[in-house]
Every structure is written in structure tokens, then in C-alpha cells.
Amino acid sequence: MTTSTDKTADTARVWKRAAYGGLVVAGVILVFGQTSVMTAAIAGVAAFAAGGYLGGRMYGAVQEAQERAELATQTLADVAPSAPAPMAPAASAAAEPELVATTVEAAGEMKLVQPSKALPGEAELAARKGTWRYEGNSATA
């Protein structure tokens, strides 16, 4: 967590950047906008105010999110059980491909959905299937 002096310094940094942004806006409007100095100054002050306010709000939101993340991390660390000890490495490298092969075969044999009986209309649908195929638009069109 940050202390109050850190928050003050960060707030000052946000407003300093807003002041630089206001000067840039005023300069750009004065040079390229073909307007008076007063119009450029008003636009610069408006940019300064908007940048400082929005920058401060965004900085506050970021700090709040970081504090929440730290709190959540601490809470999870307190609640989570200790990690289990790592398992011993495999006895040999040759045994590993066999393990993968048996796992793949077992997954292939096991079906996720096993129908218990034929569904109504399943046989009728299988009998109606023909050899018709879509061949696209004809050339005479």
C-alpha cells in the first residue's frame, strides 16, 4: 500500500503532466488554429483541467484495483492449502511413451455418449438417405 506522501507526489505528477498537455494544446491551437492568443489560452486551461481531473480519477482507479488484487492474493494465500510435494521423476524415459499410448487408446475406446436404445425415427431417416448431391448453379441460368 502507498503512504500519503506517495499519493501526494503521484497526484502532483498527474497535474504536472496535465499542465504540459494544456501547454501543448494551447501551442498547437495558436500555431495551427489561426485564432487569437486568448482562445488558445482558454483551450489550454480547459485541457489542463480536464487532463488533471481525468488523470487523477484514472490513477485512483488503478491504485484501488492494485489494492484489491493484493488483498485477493493475500486472501488466497491464507486460504489455499500448502502445495503437495512434487512427485518423483519417472523411472525411465522409455516408459513415458507407453503411458501416453495407453492413455490415447483408453480415450479412443471410451465414448462420451453411449445411447441406450434406438431413437424414434432413426431407422426411417437412415432408409430415406439417397445419393443426391448438390452440384451448384447450372450453366443455362
Side-chain angles (χ1 to χ4, degrees), residues 1-126 128-141:
M1 297 191 52
T2 59
T3 62
S4 62
T5 57
D6 291 341
K7 289 181 181 179
T8 305
D10 292 335
T11 303
R13 188 177 315 129
V14 166
W15 282 100
K16 186 186 293 185
R17 290 180 181 168
Y20 291 143
L23 287 174
V24 168
V25 167
V28 168
I29 288 178
L30 186 62
V31 172
F32 296 111
Q34 298 177 352
T35 61
S36 68
V37 174
M38 190 58 136
T39 304
I42 291 172
V45 168
F48 164 70
Y53 175 73
L54 293 176
R57 296 279 296 198
M58 286 193 296
Y59 177 77
V62 167
Q63 289 300 320
E64 185 177 325
Q66 288 176 350
E67 289 173 2
R68 285 183 183 177
E70 289 175 6
L71 180 63
T73 303
Q74 290 172 356
T75 304
L76 286 177
D78 293 343
V79 172
S82 62
M87 296 179 59
S92 67
E96 191 171 315
E98 293 174 5
L99 176 64
V100 172
T102 56
T103 305
V104 170
E105 290 174 3
E109 293 174 2
M110 182 178 68
K111 293 182 179 179
L112 297 177
V113 177
Q114 298 176 352
S116 59
K117 62 179 183 174
L119 298 174
E122 185 176 355
E124 178 186 348
L125 180 61
R128 288 184 6 196
K129 289 184 179 177
T131 58
W132 180 85
R133 294 169 75 184
Y134 178 73
E135 294 180 8
N137 294 334
S138 63
T140 60

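Sequence positions, counted from 1, serve as the residue numbers for this chain.
Taken to the nearest 0.5 Å, the CD atom of Q74 stands 6.5 Å off from the CD atom of E70.
Scanning all heavy atoms of the two residues, the minimum distance from G51 to A18 falls at C-CB, 3.7 Å. When all heavy atoms of W15 and Y53 are compared, the pair lying nearest together is CH2-N, 3.6 Å. In terms of heavy-atom proximity, A47 sits nearest to G22 at CB-CA, 4.1 Å. For the pair T39 and S36, the tightest heavy-atom approach, listed with the atom from each and the gap, is OG1-OG, 3.1 Å.
For I29, the side-chain contact (heavy atoms from CB on, under 4.5 Å) test picks out V25, T35, A40, A43, with sequence neighbours left out.
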